[in-house]
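Numbering of ligands and ligand atoms starts at 1, following listing order. This one's a predicted model, so the numbers in the text were calculated from it and none came from an experiment. If you read the sequence from its start, that first residue is 1, and numbering goes on from there.
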Amino acid sequence: MMSDRPRRLARLTVDLSAVRANWRTFADLAGDGEAGAVVKADGYGCGARDVAQALVLEGARTFFVATLAEALDLREALGDAHAIYVLNGPTDADVGAFAPARLFPVLNSLEQIGLWKAAGAATAAALHVDTGMNRLGLPPADVAAARDALARVDVPLVMSHLACASDPGHTLNETQRARFANVAQLFPGSRRSLAATAGAFCGEAYRFGLLRPGIGLYGDNGLDDAAPALAVVATLDAPILQLRDVQAGDTVGYGASFTAPGAMTTATIALGYADGYLRAASGRGYGVLAGAKCPILGRVSMDLITLDVTAAGGAAAIGARVEMLGANVPLRDVAAAARTATYEVLTNLSGVARHHVGAAG
Ligand SMILES: *Cc1c(COP(=O)(O)O)cnc(C)c1O
C-alpha cells in the first residue's frame, strides 16, 4: 500500500497573483494588441492548468503549448472558450485529434500543411515562419508555396520566433523583424506574432498583434539584463533534517569537496537533484533562512544539500524550512549558480510537491 505521507519534502509554492501581475505587464505592453500565454512544459514547472485558469480570470484568451497532449489537458481545464495553439504542429499519427478538441496546430513546414489539408483542415491553424532561428518553422524559401497551399485554410495567425532577443542590441533581431514583416505581408488577413518574453521588451516594432510570453509569466524577463523586474512567482523551500557543528579542517559531503575554514554550523536539508535542484549548483548556490544567506557546502546530493547556517543563529532548527528559490533567492541567482538558464531551473522543478496561492479571482 502506498503511504499518504509526502514522498519528497521539498515544496514549490506558486503565487498565481504574481503570475497574473506579470501577464498584465505584457497585456499593457501589447497595447491594442493581445498578450497570449505560453504554458508548455506544465507551465514552466509551475502547473499549466492552475496558471492558465488564473490567467483567464485576468483576461487571457490565447494559450500556447508544445504538444498535443499538453493541449488536450489544457482544453479540459479551460473549457471551450479559449484558443489553444500547439507549437509542435500535427504529425501523421495525431492530426485527427486537433479538431474534435478545437485545438489549433501551428504549421511549421510544407509537410505539416499537407497533413493538415489532407485531414480536412477542420479548425484554424497558425503558420510559423522561421526567420533565422533554424529550428522549427517554414523556411523562407517555402513561404510562397505555403501561401498557395493555404489558400482555402483559415490561418488567423502568422508567427516567428527571435533567436537573440535576450540581447536587444543583437543585429539578428532587426534582421528577423524585417524578414517577418515581409513574409507577413503575404497573409494580410492574419494576425502577427513575433515576440516572446524578451522580444516584448525589445521595443514597439517587435510587438506586432500578439505577444507570446512564457518565462515572463513565471518571473524572469528573459533578458541578459536584470531590469525590468517582474513579480516573483516560484518559491522553493525544504526542511532542515539535521544540524551539526563542524571544525576547521572538517570536510562536507561526497568527494570532500568543501573543507571548513573554521568552526561553523551546518544544516542538511531535504532537497537534492532528485527533486530537480540542479547538481551543477554544488558549492555555488545558497539558501536563505531568517534573512541570513546560507551557502551550499560541497556537492548537491540526490536527496540532500548541506548549508552553512552559521549566520542564521537560533533560526537554524530541525524542521525549519530554508528558502532555496524565491523572493530572497532570485531565480537568476540559482540559474547563475548552476551555470544555466532560468528556464531550466524552473522546468526541472516540475516534480516537486507544488501548491498554489493567490488564486482567488
Ligand atoms: C517557448 C516559446 C515561447 C515563449 O518563450 P519565452 O522566452 O519563455 O517567453 C514563445 N514562442 C515560441 C515559439 C516558443 O517556443
Next on the checklist: For Y218 and Y44, take the angle between the two ring planes, folded into 0 to 90°, and tell me which bin it lands in: parallel under 30, tilted 30 to 60, perpendicular over 60.
Outcome noted: parallel
Checklist outcome for this item: Of all protein heavy atoms, the one nearest atom 9 (O) of ligand 1 is T197 OG1, 2.5 Å
Next on the checklist: Could you tell me if Y286 and D333 have a donor-acceptor pair between their side chains, going purely by distance under 3.5 Å?
Outcome noted: yes
Checklist entry - Is ligand 1 less than 4.0 angstrom away from at least one heavy atom of R135? => result yes
Checklist entry - With backbone taken as N, CA, C and O and side chain as the heavy atoms from C-beta onward, which portion of I215 lies under 4.0 Å from ligand 1: side chain, backbone, both, or neither? => result both
Item to check | Short N or O distance, G214 and ligand 1, threshold 3.5 Å exclusive | outcome: yes
Checklist outcome for this item: Of V143, V106, I113, V183, the one forming a side chain to side chain contact (heavy atoms under 4.5 Å, CB included) with L127 is I113
Item to check | P213: numbered ligand 1 atoms lying under 4.0 Å from its heavy atoms | outcome: 9 (O)
Item to check | Nearest-contact summary for atom 5 (O) of ligand 1 - protein heavy atom, Å | outcome: A196 CB, 3.4 Å
Checklist outcome for this item: The protein heavy atom nearest to atom 15 (O) of ligand 1 is K40 NZ, 2.7 Å
Next on the checklist: Using the rule given for ring pair (Phe, Tyr, Trp, His ring centres under 6.0 Å), can you reason through F26 versus F201, listing the C-alpha separation, both sets of side-chain angles and the distance that settles it, and then say yes or no?
Outcome noted: CA-CA 9 Å; F26 293 96; F201 294 115; 5.5 Å; yes
Next on the checklist: Show the atoms of ligand 1 that are less than 4.0 angstrom away from any heavy atom in Y44.
Outcome noted: 1 (C), 4 (C), 5 (O), 6 (P), 8 (O)
Item to check | Nearest-contact summary for atom 11 (N) of ligand 1 - protein heavy atom, Å | outcome: R212 NE, 3.0 Å
Next on the checklist: Just to verify, which of I269, D237, L349 counts as forming a side chain to side chain contact (heavy atoms under 4.5 Å, CB included) with M324?
Outcome noted: I269
Item to check | Region of Y343 engaging ligand 1 - heavy atom pairs below 4.0 Å | outcome: side chain
Checklist entry - Under 4.0 Å from ligand 1, counting heavy atoms only, is it the side chain of H161, its backbone, both or neither? => result side chain
